[in-house]
Amino acid sequence: MRRNAEVAGLLEEYADLLAAQDVSYKPKSYRRAAESIRDYPAAIEELAADGPEAVEEIPDVGSSIAAKVVEAVETGSFEQLDETRAELPVEMAELTSVEGVGPRTVGDLFEALDVRNLDDLEAAAREGEIRTVSGYGETSEQNILDGIPFARQTQRRELLGDARPVGDAVLGFVESIPEAGRCELAGSLRRWKPTIGDVDVLAGSEDRAAVIDAFVEWERADEVIEAGTDKASVRSNGQRVDLRVVVPEEFGSALQYFTGSKEHNIRLRNYAIERGYKLNEYGAFDVSDLEGADADEPAAPDSGQRVGERVAGDTEAGMYEVLDLPYVPPELREDRGEIDAAAAGQLPELLAEDEIRGDLHVHTEWSDGDLSVAEMAEAAAEFGHEYVCISDHATGPGMVGGVGLDDAAIREQAAEVREQAADLPVEVFVGVEATVEADGAISVADDLLADLDCVVASPHSGLEGDATDRLTAAVEHPHVDVLGHPSGRMLNSRAGLEFDVEAVASAAADAETALEINSNPHRLDLWGSAVKRAVEAGATIAIDTDAHTPAEYRNVRYGVHTARRGWAETADVLNARDADGVREFLH
Ligand code: DGT
Ligand code: CA
Ligand code: CA
Ligand code: ZN
């Protein structure tokens, strides 16, 4: 992989830090060098391997920068950058993503106010501190404040697997506040999106200020971003947590509103308007008897109006009921046809967490897992599973550092596992995780695959571009049972393969190969919309954790909710079947 962009990024960061420290000229030459390196046709690591003189061939790169480039290629950083980062410990990229905030402003505000990140910046602007810094006035303060929401949107999003534990903890805490009544998570976290902007929590209370006061004292809050009379935001474990507190009788409508998605809410509000109702966070209002403008046009989201007769809002289900709709589970609220389906009485009966009976993709110390087969089987039993498939890595493209087993080792492992199977507390399927090569071939001998109970095949390298043919070939392979993490995507870092989901899913349905939802929070691959299309094409889904340690069995819930986001019902899911049902599918 070309590392030109990575190295250019380090030089640009250094340039920004120097500029923030008011150094002149130097930042400009580092930026110019960065640009040349990014555009240079040859891979920077190949030049660097030949030493600084070779790097100096790149236009705008002199000897001092060339030496830093060689160091950066070798170590991922260079000494002067590390030193400058220590002098100026700011989130440079985050802060400069605010329109009008450049490195100089970052340097000034760090010096004067110890502003290090976006939250510090927002707090300083909100409290009127920025206007006290020389060279800054009320206008620049207001501009910064205005630019923050947009900057936040463009930030890296948290993984569901990191945000959910924070959400669970904060919900538990808010529920323990004596003045709090009903409490619930809202927003994207309640819809189980793969990545999360911020954690939203809602509480109902007669004494809203008391709940806010208690909330900002949460022991796991590292910092209070803002606190008002009915909402507050804190940061915990690097994540922003928004709490809103509403009066008890508006809890249901507020929960419906703040769960989103925005697109679902717009669709629902328009559906309501056509039937003479107005929906907002305060309730559902019958406006059919009202004269004039309001009744004809969709309510503005924040109009805050309580008009007409209030007919629902105490409970969330009531908001749908008043429109003669069944309750729409949060995972479906993405405007993917759920309101039409609800109106037609055709919402799916979604798979539930406790319906999963086993895991068909598990690693042991035979490849890169932590524990023995027996230990992983015992941990599976403890977790509540009835069966597991031991699917250690086979060698193949993308398996580096001797992680994968060759055919002889797979045979040896299979024999050993079969020997001990009777003594294990769960049913064990003997399997492998083979690699789907670039042409769709499978990296393990056919007769060996035929001898195994369950073959998971996954792409591990060459994870770019269109792969419809590659993945179709894999699912049509006579011995492949499960297509593992089909796209190979890594959230926040790698987009993964593109492919025609319908085509691969219908091939999989015909070949009776399952498509995996890999529950690892970095993957969630397949994801909701792809699962929906796969299920519609008739494919069977396997929800696996790819566990390398016992703790990772718990990730299955992320897979289950991803399946629910894809409208999957119990019958669509292979490992919601009992061991006999799975064995039947595998044969
Ligand atoms: P996130 O945090 O980016 O992962 O996504 P959400 O969906 O959690 O969005 P967030 O935290 O900005 O707001 C929570 C919910 O509140 C959102 O899903 C829908 C509702 N909401 C917020 N602002 C608006 C708005 O301007 N219009 C509408 N219709 N709904 C909104
Ligand atoms: Ca949110
Ligand atoms: Ca929020
Ligand atoms: Zn795996």
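Start at 1 and go down the list; that is how both ligands and their atoms are numbered. Nothing fancy with the numbering, it's 1 onward along the sequence. Heavy atoms only: backbone and side chains are in, while hydrogens, waters and symmetry mates are out.
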How about His361: does one of its N, O or S atoms come closer than 2.8 Å to the Zn ion (ligand 4)?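 Looking at His361, which is the residue asked about, there is an N, O or S atom under 2.8 Å from the Zn ion (ligand 4).
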N, O or S from His548 under 2.8 Å to the Zn ion (ligand 4):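 So His548 does not count as coordinating the Zn ion (ligand 4).
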salt_bridge(Glu122, Arg152) N-O dist < 4.0 Å: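 A salt bridge is present here (some side-chain N lies under 4.0 Å from a carboxylate O).
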Pair [X], [Y]: side-chain N/O donor-acceptor within cut-off below 3.5 Å:
X: Arg220; Y: Ser236; value: no
X: Glu382; Y: Tyr553; value: no
X: Ser367; Y: Asp392; value: yes
X: Thr395; Y: Asp406; value: no
X: Glu433; Y: Ser458; value: yes

With backbone taken as N, CA, C and O and side chain as the heavy atoms from C-beta onward, which portion of [X] lies under 4.0 Å from ligand 1: side chain, backbone, both, or neither?
X: Asp200; value: side chain
X: Glu334; value: neither
X: Arg157; value: side chain

Between Asp198 and ligand 1, is there a nitrogen or oxygen pair with a distance under 3.5 Å?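 Yes.
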Show me which atoms of ligand 1 lie under 4.0 Å from any heavy atom of [X].
X: Phe258; value: 14 (C), 15 (C), 16 (O)
X: Arg191; value: 7 (O), 18 (O)
X: Thr259; value: 18 (O)
X: Gly197; value: 1 (P), 2 (O), 3 (O), 4 (O)
X: Gly187; value: 8 (O)

Please calculate the OD2(Asp200)-the Ca ion (ligand 2)-O(Asp198) angle and round it to 10 degrees.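 Vertex at the Ca ion (ligand 2): approximately 100°.
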For atom 4 (O) of ligand 1, the option (of Ala254, Ser261, Pro330, Ser188) bearing the nearest heavy atom: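 Shortest heavy-atom distance from atom 4 (O) of ligand 1: Ser188.
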Keeping the roles fixed (side chain from [X], backbone from [Y]), state whether a donor-acceptor pair exists under 3.5 Å.
X: Arg470; Y: Val436; value: yes
X: Arg564; Y: Leu332; value: no
X: Arg182; Y: Ala203; value: no

Heavy atom of [X], distance to ligand 1 below 4.0 Å:
X: Leu189; value: no
X: Lys262; value: yes
X: Ile196; value: yes

Can you label the angle between the His393 ring and the His363 ring as parallel, tilted or perpendicular, going by 30° and 60°?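 Correct class here is parallel.
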Around atom CD of Glu223, are there more than 12 heavy atoms from other residues, nucleotides or ligands closer than 6.0 Å?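 More than 12 heavy atoms, drawn from other residues, nucleotides or ligands, come within 6.0 Å of this atom.
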Flag Asp242 as yes if one of its N/O/S atoms falls below 3.0 Å of the Ca ion (ligand 2), otherwise no.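 Asp242 does not place any N, O or S atom closer than 3.0 Å to the Ca ion (ligand 2).
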So, of the N/O/S atoms that Glu433 has, which is the nearest one to the Zn ion (ligand 4)?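 The Glu433 atom nearest to the Zn ion (ligand 4), restricting to N, O or S, is OE1.
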Measuring from the Zn ion (ligand 4), name the closest N, O or S atom belonging to Asp546.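 Nearest to the Zn ion (ligand 4) within Asp546's N, O and S set: OD1.
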Show your reasoning for whether side chain to side chain contact (heavy atoms under 4.5 Å, CB included) applies to Arg523 and Asp546. CA-CA 10 Å; Arg523 296 190 183 273; Asp546 201 350; 4.1 Å; yes
